[in-house]
Amino acid sequence: MPHELPKTYEPGAIEARWAEYWVREKLFHVETPSSQSQRSDHFDSEGSGRGRPLHTAKPVFTLLLPPPNVTGRLHMGHMLNQTQMDILVRWHRMRGFITLWLPGTDHAGIATQMMVERQLAKEGKQRRDMGREEFVKRVWEWKREYGGAILEQMKRLGASVDWGREYFTMDENLSRAVREVFVRLYEEGLIYRGKYIVNWCPRCETAISDLEVKHEEVSGKLWEIRYPVVGTDEFITVATTRPETMLGDTAVAVNASDERYTHLHGKKVLLPLMKREIPIILDEIAKPEFGTGAVKITPAHDPNDFEAGKRHGLAQIEVMDLHAQMNENAGPYKGLDRYEARAAVLADLKEQGFLVAEKDYTVALGKCDRCGTVVEPRLSEQWFVKIKPLAEKAIAAVESGEITIVPENYKQIYLNWMYNIHDWTISRQLWWGHRIPVWHCGNCGEVIVARETPSSCPKCGSAKPEQDTDVLDTWFSSGLLPFTTLGWPEKTRDAEVFYPTTLLITAYEILFFWVARMIMFGCHFMAGHRQDAAMKQASGYGDKKDDSVPFRNVYIHALVRDAERQKMSKTKGNVLDPIEVIEQYGTDATRFTLAAMAAPGTDIAFSESRTAGYRNFANKIWNAARFMFMNIERVDAGLRPGATEGGCNYAGIAGFRPVSLEDRWILSRFNRAAEDVNKSLEMYRFDEAANRIYDFFWGDLCDWYIELIKPRLTSENGNPEEFAKTIRNLTTLFEASLRLLHPIMPFITEEIWHAMHEGKPPKKSIALAPYPEADEMQFDIPAEIQMAILQDLIVSVRNLRAELKVEPKARVSIEVFSHDPETWNVIQNNREAIQRIAGVQSVTDTSESQARQAPSRSTSRFDVRVDYEKKIDVAAERERLAKELEKIEKEIANGQRQLSNEQFLAKAPAKVVEGLKTRAEELKVLRAKTLAKLKEIGG
RNA sequence: AGGCGCGUAGCUCAGUUGGUUAGAGCGCUACCUUGACACGGUAGAGGUCUGGGGUUCGAGUCCCCACGUGCCUACCA
């Protein structure tokens, strides 16, 4: 069974099977390492742990999964994020790190509440009718039933998280930690309550933070209204984009320096419609250069006016309720929606002659991030976090380099935001979430902040204080996750080992929402924490001073857009469902696409054609494996090599015994690929890593190596011993290449790897096998040079054959000229390969250059001519040669200009000059040869 | 209004501190049912790197301007 792979690669069945296996076998579960059990535990006994002394602490790699909302469905952004995390996690795990990837979900206050409300609406029910307790119960039911959807989807991606440690932000232990944090901050004076203007969503009926407001430029109107000045026949004209708020005006402000209004200082205006006398005040809020220089002041409905109102002790008249409907203070407009009221107010103003002008104006409308409703600034009692003291530590952690942010431009963005941060509104008027641990005494009004529900008021002793009805902003609890998931506030061994986490990978969108908050909370609450020193050292962070930070590195990934570069959004209907892409091309191909397109700095315009290409790549690997298995089948049992005999190690490929040029070459190429891939991953260059593996697997291994060794595998009367050696080399090479690819394409590599081991793999999964590293002893520069000559020769002959339109099956004779001994060596030693791969009958050495003979190709090392009766297309050949000559001439001219420039010779590095000179020599030869050919065919 | 990014082959994108011949995938052309693979093979065509200045021995790469395009931040009525 193991060697019978179906002819065509079909990812669906394979992937589902392994995804299930990884979860069932708990392969990625990490027990808390005790202080004793951290000794290095190598994968094999062959001394492969080069550079890893035994009996030292193991390095640790910890990553927190940005918790998806329980309401979430997987989108491309998640998949990119998780692909990148999984690549790094698998890579570290294979390199012997204690690797913990912690998964969980977020209760997502507003989003989840909305979801359940919608469900209730279908049943004709309303949240308020059923009451808070019933409703929350209902949300929990919903969560149990549907909340796991996104995690199930994650399993399909192959995310190698530790499912044994899965959390939910409303779990009891995490909720306890949230209360603890609230109480401590309150006791430190960092949480306060007050009545301020906040962003209010009339649909969600709750306050939201600045970050949850999305601004949108809309073409709107600016209305100018004149207010009559009491006791004169003058008017003051003010402008507004929200005329309905004038009903709550309590003053008109002008600038003290504005001479237009000097004579009106101390006077009052009569507020139209409301017929209320309000003062003209002097305040800096009014800028003389803007409009009329006079501003209406509505302290209850505008944040600036609120501040101005406080400065002048003005009344705050609320004219709207929590649904943004006009209330009793709005007089005749009571009961109207804010926009109905706007229309009515404008009509009345116009009728009464107060409306002066209506101008087109671009307004930045604030909309609720969740539901899109236009936000209304509203005066209300809320809880706030005093943010500056927390921000200071968070700034220091990044400025000092204790936390690195990649790409680096995000560091400045983060810092700018932190410098200008405002206090954080943390209370939400929702029912779903962490209830604020505050109780109000109905008797004496005492405010009780406590970890557990108080049975009586500590001040007056009256029974049953009422708990505050608000819940906390969802980000308040998720901001604590790096330490609460490791057992905080207890001091745990988990925290000692896994905190600070190593890395956080996330999208730019939540840099402020989440990343910034985690840094603030981590630096504050984990101050004084020490990570296990030996492990910290082993992990490469021995030089870091601050172990309070929630993570040592942040990597911000790009945004996934659709093929037209549009941001994917439900309203646009251009959302690409990753599950659909996966069903069509496979998870491996989709992962590979995301990795290969993840160049830093630019967003990803996801293109399915790329995914199709990488599905083809998987198919290529699949078939190369089939070819390998086909040949293994033909080996006698006694000769069958163990696929990993000596192969399953870190450095190079230990079991590979090169005998031929292509053996030496592919071994060298493999090691170079391993070196490059490791380097790229170190720098989060997923695109480089993916492309490098692609080129190696397809371009080197399949296109050349397998083609070259075919005769050693397929010749009927071959030497069985050589055959076995060849197979051994192929299998060890292939096995190592699978390990190289595994982090990016976990499924296909797992499938083939198990097949190679005939059901008896050395580890339960390739994911637990070591990751290849370069062995410098296996670099072979001469082999690479010689192979390049061989490839040049073969390609030249193929090229000539194509041009001469030689029938594919016909074999041709070739004549080769070279004065280069190395070239001769290559030809002598690889005559058979040349004949077979290039369709050559005989190779003749000539002592004379073939350059002027028509059907020929030249490189600086050799000329090769095909002996064939068919005539070339003279005109086409002439054109080709002319074009080639032009290119050569251009390059020669270019090179000469530089080489004759003293400045260049003096200033350019020797290496560059040397290279140019060598190239100039080559070009001279090539030009002579090309000219000769042109002359020969009468050009 | 500020800030950031992008503009390279028909399409989607690479191109590391400026250094010899600007790469890949898809698409395109021609030929090929060669015992791993047509989701394949072989050989090709296709780019004055948006435009204009500048720095430099040397610019796709650095600077300035323009045009086009995308995003983020912002309490200016």
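Letters A, B, ... mirror the listed sequences (proteins, then strands); counts begin at 1. In this text the structure is predicted, and so the values were computed from the model without any measurement.
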Asks: Could you check how far CD of A:E212 sits from P of B:U73, rounded to whole Å?
Replies: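 Whole-Å distance recorded here is 13 Å.
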Asks: Which nucleotide sits closest to the side chain of A:E707: B:G25, B:C75, B:A36?
Replies: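 Shortest atom-to-atom distance from the side chain points to B:A36.
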Asks: Do any side-chain nitrogens or oxygens of A:K883 fall under 4.0 Å of OP1 or OP2 in B:G46?
Replies: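 It does, given that an N or O in the side chain of A:K883 lies less than 4.0 Å from OP1 or OP2 of B:G46.
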Asks: Return whichever of A:R685 or A:R798 has its heavy-atom-nearest nucleotide of RNA chain B closer to the 5' end.
Replies: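 Closest to the 5' end, via its nearest nucleotide, is A:R685.
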Asks: Can you tell me if the side-chain N/O atoms of A:K710 get under 4.0 Å from OP1 or OP2 in B:A36?
Replies: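 Looking at the OP1 and OP2 atoms of B:A36, one of them is under 4.0 Å from a side-chain N or O of A:K710.
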Asks: Just compare B:A36, B:U12, B:G19 and give me whichever is closest to any side-chain atom of A:F627.
Replies: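 For A:F627, the side-chain atoms sit closest to B:A36.
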Asks: Kindly point out which of B:U20, B:A77, B:C57 is positioned nearest to the side chain of A:V295?
Replies: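 Taking heavy atoms from C-beta onward, the closest nucleotide is B:A77.
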Asks: Among B:U21, B:C72, B:C26, which nucleotide has an atom closest to any side-chain atom of A:Y508?
Replies: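 Closest nucleotide among those given: B:C72.
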Asks: From the set B:C31, B:A43, B:A14, return the single nucleotide nearest to any side-chain atom of A:A802.
Replies: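 Given the options B:C31, B:A43, B:A14, the side chain of A:A802 is closest to B:A43.
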Asks: Kindly point out which of B:A77, B:G25, B:G40 is positioned nearest to the side chain of A:F290?
Replies: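 Within the option list, the nearest is B:A77.
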Asks: A:M630 has a side chain; which of B:A36, B:A77, B:A43 sits nearest to it?
Replies: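 From the listed options, B:A36 comes nearest.
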Asks: Based on Watson-Crick and G-U pairs with both distances under 3.5 Å, what dot-bracket line describes RNA chain B 5' to 3', crossing pairs as [ ] and inter-strand pairs as |?
Replies: (((((((..((((.....[...)))).(((((.......))))).....(((((..]....))))))))))))....
Asks: So does A:N304 reach the base of B:C75 with its side chain, donor to acceptor, closer than 3.5 Å?
Replies: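 Pair found.
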Asks: Nearest of B:C57, B:A43, B:U20 to any side-chain atom of A:R919?
Replies: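 For A:R919, the side-chain atoms sit closest to B:U20.
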Asks: Starting at the 5' end of RNA chain B and moving along, which residue's nearest nucleotide shows up first, A:Y9 or A:V363?
Replies: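 Closest to the 5' end, via its nearest nucleotide, is A:Y9.
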Asks: Can you tell which of B:C75, B:C26, B:G40 lies closest to the side chain of A:K620?
Replies: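 Nearest nucleotide to the side chain: B:G40.
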Asks: With respect to the phosphate group of B:G41, does any side-chain polar atom (N or O) of A:W704 fall under 4.0 Å of OP1 or OP2?
Replies: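 So the side-chain polar atoms of A:W704 never come under 4.0 Å of the phosphate oxygens OP1 or OP2 of B:G41.
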Asks: If you check the A:K287 side chain, which of B:U56, B:C76, B:C75 turns out closest?
Replies: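 Nucleotide nearest to A:K287's side chain: B:C76.
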Asks: Would you say A:R610 reaches B:U12's phosphate, i.e. side-chain N/O to OP1/OP2 under 4.0 Å?
Replies: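 Answer is no, no contact under 4.0 Å.
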Asks: Where do A:Y508 and A:Y410 land on the ring-ring contact (aromatic ring centres under 6.0 Å, His included) test, with the steps shown first?
Replies: CA-CA 8 Å; A:Y508 168 69; A:Y410 290 109; 5.3 Å; yes
Asks: Only one of A:Q898, A:E891, A:Q896, A:R897 clears side-chain hydrogen bond (donor to acceptor under 3.5 Å, both in side chains) with A:N894; which?
Replies: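 With A:N894 as partner, side-chain hydrogen bond (donor to acceptor under 3.5 Å, both in side chains) holds for just one option, A:R897.
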Asks: Is the Lys NZ or Arg CZ of A:K710 less than 6.0 Å from the centre of A:F627's six-membered ring, within 45° of the axis?
Replies: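 Geometry flag: set, cation within 6.0 Å and 45°.
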Asks: What distance, rounded to whole Å, do you find between the two P atoms, one in B:U42 and one in B:C26?
Replies: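 My reading of the P atoms in B:U42 and B:C26 gives 13 Å.
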